[in-house]
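Since the structure comes first, as structure tokens, the remarks are kept for the end.
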Amino acid sequence: AGAEAAEGDVQSDNPYILKHSHCFGINGRDTNDNIAFIEDNQIVYPCGNNTVVYHNEVKKQRFIPAEKTRGITAMAVSPSKRYIAVAERASDGTEWNKRVKELDANGVAIQDKPQISIYDFNSLRRRRVLVSPDVKSREYVRLAFSHDGKWLLSQGGREDWMLVMWAWDKGKQTATVMASNPAGSPLYQCTFHPQDPTIVCVCGDTLFNMYRQQDGAFKKLGNAMVQREVEEPECYKCHVWLNTQWIVVAAWTGDAATGRSSLLLIENGQFKQTLAASPSDNSPIEYICPWESKKGFITGSASGVLSFYAH
């Protein structure tokens, strides 16, 4: 860390703390959705315990430092590109207890729970801090904004896998559900319907579920994969909404040596078919995103292969 901070940083009131001049690297494995464009010439990504906004023309970084937590676990940029949500892992409950005075509604120290901070890209100032009293996990594994940017989904991690929907600008959670199965299978992604923010989707090991937020709770809409006849359990690594009716799901079956990937089409909440153009490189698809200009999608596999699918 250098002695001078880049212009526009979140400043510290303590003059004796060194301020960042440049950060090298990216949290590639520990943070989900870890890089995004906010303008044609600016990207945002996590580096250490900082969120970095990098201008690739003037080669300048601005920084949003994390709070006193154990690392950044997930990020999401709002559709307007104005806000970023940053999820931070909770401490283990031993480091900060002597200094923490702020407690949640259940009397638990805030630093003993994961938190989500919402920042404004224009000022790099924090707009809101979200802490759920219902989440038992020490981290959130995924975040997602609704299409209008008014709502935020957070998928909690191991132990309870609690899915939380937030009216984030009010700092209020509007619905929660333990989204995993009784076995506690891991969940990997949560998304909003592209037009209706009351409908959400989650996927994970053997799980692909849709919910509707209604009367302050999530109501399960069913399991789209229940109609599928499979010889062995499938892991649903990620998914993407192509429109209001179609979802493409990346499934993985088997182990690292003999496994296979497939792309599944969900239509109106029901399994429709396995796409004939499913990849053949025997590597799990780790990420999938829309290819809007072609009304298709792009996949990225664990072997580093990018595949483009046009409608």
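- Counting all heavy atoms, side chain and backbone alike, Asn34 lies closest to Gly28 at ND2-O, 3.2 Å.
- Aromatic pair Tyr83/Trp168: centroids less than 6.0 angstrom apart.
- For the atom pair CG (Leu130) and NZ (Lys113), the distance works out to 13.5 Å, reported to the nearest 0.5 Å.
- Residues passing the side chain to side chain donor-acceptor pair (under 3.5 Å) test with Thr206: none are found, sequence neighbours excluded.
- Counting only distance, with no hydrogens or angles, the side chain of Asn50 and the backbone of Phe63 share no donor-acceptor pair below 3.5 Å.
- Aromatic ring centres of Trp291 and Tyr309 lie farther apart than the 6.0 Å criterion allows.
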* Do Gln115 and Val129 pass the side-chain contact (heavy atoms from CB on, under 4.5 Å) test, and can you show the C-alpha distance, the side-chain angles, and the key distance before you say yes or no? -> CA-CA 7 Å; Gln115 70 177 40; Val129 177; 4.1 Å; yes
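- In terms of modelled atom types and a separation under 3.5 Å, the side chain of Ser303 and the main chain of Ser283 share no donor-acceptor contact.
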Criterion side-chain hydrogen bond (donor to acceptor under 3.5 Å, both in side chains) on Thr191 and Trp241, from CA distance to verdict: CA-CA 8 Å; Thr191 59; Trp241 293 80; 2.9 Å; yes
Pair Asp169-Arg127, salt bridge (Lys or Arg N to Asp or Glu O under 4.0 Å): steps then yes or no
CA-CA 8 Å; Asp169 200 32; Arg127 284 284 304 270; 2.8 Å; yes
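- For the pair Arg89 (side chain) and Gly71 (backbone), a donor-acceptor distance under 3.5 Å is absent.
- Not counting sequence neighbours, the partners of Arg260 by the side chain to side chain contact (heavy atoms under 4.5 Å, CB included) test are Glu232, Thr253, Asn282.
- Distance alone, capped at 3.5 Å, places no donor-acceptor pair between the Thr31 side chain and the Ala74 backbone.
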Inset, instruction - In sequence, state the C-alpha distance, the side-chain angles, and the governing distance for Tyr236 and Glu234, and then conclude on side-chain hydrogen bond (donor to acceptor under 3.5 Å, both in side chains). - result: CA-CA 6 Å; Tyr236 305 113; Glu234 289 181 318; 2.7 Å; yes
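- Proximity of a side-chain donor or acceptor of Asn181 to a complementary backbone N or O of Gly184 within less than 3.5 Å is detected.
- Judged by distance alone, with hydrogens and angles left aside, the side-chain atoms of Gln155 form a donor-acceptor pair with the main-chain N or O of Trp161 at under 3.5 Å.
- Remark: the Gln195 side chain and the Thr244 side chain contain no N/O donor-acceptor pair separated by less than 3.5 Å.
- Residues Leu263 and Thr274 fail the side-chain proximity criterion, which asks for heavy atoms closer than 4.5 Å.
- In this structure, Trp252 contributes its side chain and Gly254 its backbone to a donor-acceptor pair below 3.5 Å.
- Summarising the geometry of Leu143 relative to Ser154, their closest heavy-atom pair is CD2-CB, 3.6 Å, with the distance given to 0.1 Å.
- Cys190 pairs with exactly one of Val164, Val200, Leu153 by the side-chain contact (heavy atoms from CB on, under 4.5 Å) rule, that one being Leu153.
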Return a table of donor-acceptor pairs under 3.5 angstrom between the side chains of residues 41-48 and protein atoms on other chains or two or more places apart.
{"from": "Asn41", "atom 1": "ND2", "to": "His55", "atom 2": "NE2", "distance (Å)": "3.3"}
{"from": "Gln42", "atom 1": "NE2", "to": "Glu39", "atom 2": "OE1", "distance (Å)": "3.2"}
{"from": "Tyr45", "atom 1": "OH", "to": "Gln61", "atom 2": "NE2", "distance (Å)": "3.0"}

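- Separation of the His239 and Phe208 ring centroids falls under the 6.0 Å cut-off.
- One finds the CG atom of Asn268 at 9.0 Å from the CE atom of Met210 (value rounded to the nearest 0.5 Å).
- Summarising the geometry of Asp148 relative to Ser146, their closest heavy-atom pair is OD1-OG, 2.6 Å, with the distance given to 0.1 Å.
- In this structure, the separation between CZ on Arg212 and CD1 on Ile199 is 4.0 Å, given to the nearest 0.5 Å.
- Panel note: side chain Asn32, backbone Val141; a donor-acceptor pair is recorded below 3.5 Å.
- In this structure, Tyr119 and Thr51 have side chains that are not in contact, with every pair of non-hydrogen atoms separated by 4.5 Å or more.
- The CZ atom of Arg138 lies 10.5 Å from the CD atom of Glu159; values are rounded to the nearest 0.5 Å.
- The pair Asp120-Arg126 fails the salt-bridge criterion, with no side-chain N (NZ, NE, NH1 or NH2) lying under 4.0 Å from an Asp/Glu carboxylate O.
- Contact between Tyr140 and Ala87 at its shortest, heavy atoms only, is CB-CB, 4.0 Å.
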